[in-house]
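Below you'll find the structure, written out as structure tokens, and then a few comments.
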Amino acid sequence: MIELIDVKKAFNHHRPNEHWAVNGVSLTLEGNRLTVFQGPSGSGKTTLLTLIGCLARPTSGRVRLDGKDVSGFPERFLTEIRRGTFGFVFQQYHLLRGISVLENVMLPGYPAAPRYGTLRRRALELLERFELAHKAHAKVEWLSGGESQRVAIARALINDPAVVIADEPTAHLDTALAKGFLTIAEELRAQGKTLMISSHDPLVCEAPIVDRLVRLRDGRLAESA
Ligand code: ADP
Ligand code: MG
């Protein structure tokens with residue numbers, strides 16, 4: 001469903017500090033799979049996830065989504081595609097402070113504009129599913145790390161995306177919470193979601209639910225199972 005063809009991404013392109021964070025990756029990523037991108041810090045995991053999720057455009061190479069070459073699409077189409085296809089759980093969660101948990105979960109749902117009541121109900125259902133209903137009206141700055149992450153996951157699911165992308169989801173969690181994340185990942189996988197997860201946590205990389213482990217080093221594929 002997602003195909004990367006010799007994808008490269010440079011930061012500070014054509015400047016003295018040019019750095020190729022992703023440096024020639026070709027991969028076919030099938031749907032309904034849980035893929036883990038494993039690699040040391042700086043190996044290009046986050047950058048690769050942003051390319052897969054159409055948050056950024058490659059400097060060269062192609063990204064195909066369901067057969068469509070999206071790498072050259074204008075920004076407004078990319079935004080549409082992103083919203084309809086991907087849900088993101090960022091490493092630092094990127095929850096908006098000062099507004100409630102419920103509002104945070106609803107936020108990515110506004111542009112697609114279902115009725116306010118429908119969106120709100122959906123957000124509450126997601127919070128309930130992740131045992132956060134009692135926190136719906138709390139401000140996000142009052143949440144614990146594990147709760148923040150579950151809110152981030154609920155938010156990623158608000159538009160019912162086919163693909164959920166999670167960047168080092170267990171980096172700030174203790175073992176029990178990391179296992180909790182894996183349980184959620186397993187449920188999503190069972191529902192037919194495609195999951196793309198970056199991690200260097202052995203608990204994630206060696207989890208039995210992982211369908212495919214893609215190893216990265218210096219922006220390239222190391223080896224792939
Ligand atoms: P990982 O997620 O595996 O730690 P990243 O994709 O974040 O790796 O980064 C890969 C490399 O690209 C690193 O050397 C990092 O310093 C560099 N990099 C990432 N983002 C930027 C940026 N916005 N500007 C300049 N360099 C960046
Ligand atoms: Mg990273």
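Computed from heavy atoms alone, side chains included, the values below leave out hydrogens, waters and symmetry copies. Counting convention: from 1, in listed order, for ligands and their atoms alike. We number each residue from 1, following the sequence as shown.
Ion pairing between Arg120 and Glu103 fails under the 4.0 Å rule for side-chain N and carboxylate O. Between Arg62 and Asp6, none of the side-chain N atoms (NZ, or NE/NH1/NH2) sits under 4.0 Å from a carboxylate O, so this pair counts as no salt bridge. Taking the charged nitrogens against the carboxylate oxygens, Lys193 and Glu187 have no contact shorter than 4.0 Å, which rules out a salt bridge. At a threshold of 4.0 Å, the pair Arg150-Glu131 does not count as salt-bridged, since none of the basic side-chain nitrogens sits closer than that to a carboxylate oxygen. Salt bridge status for Lys179 with Asp174: absent, with no side-chain N to carboxylate O gap under 4.0 Å.
Atoms of ligand 1 found under 4.0 Å from any heavy atom of Pro40 (numbered from 1 in listed order, with element): 3 (O). Near Ala21, meaning under 4.0 Å from one of its heavy atoms, ligand 1 places the atoms 10 (C), 11 (C), 12 (O). Against a heavy-atom cut-off of under 4.0 Å, His19 is close to the following atoms of ligand 1: 11 (C), 12 (O), 13 (C), 14 (O), 17 (C). Listed by number with element, the atoms of ligand 1 under 4.0 Å from a non-hydrogen atom of Thr47 are 5 (P), 6 (O), 9 (O).
Checked against a 3.5 angstrom limit, the closest N/O atoms of Gly42 and ligand 1 fall inside it. Between Glu168 and ligand 1, no N or O atom pair is found at a separation short of 3.5 Å.
For the pair Gly39 and ligand 1, no heavy-atom separation below 4.0 Å is found.
Shortest contact from atom 8 (O) of ligand 1 to any protein heavy atom: Gly44 N, 3.2 Å. For atom 7 (O) of ligand 1, the closest non-hydrogen atom of the protein is Thr46 CB, 3.6 Å. The protein heavy atom nearest to atom 25 (C) of ligand 1 is Phe11 CB, 3.3 Å.
Annotation for Glu18: atom CD counts as buried by contact number, over 12 foreign heavy atoms lying within 6.0 Å.
Between the side chains of Thr194 and Asn32, no donor N or O sits under 3.5 Å from an acceptor N or O. Side-chain N/O atoms of Asp69 and Ser71 include a donor and acceptor closer than 3.5 Å.
In this structure, atom 16 (O) of ligand 1 has its sub-4.0 angstrom surroundings free of protein heavy atoms.
At least one N/O/S atom of Thr46, whether from backbone or side chain, sits less than 2.8 Å from the Mg ion (ligand 2).
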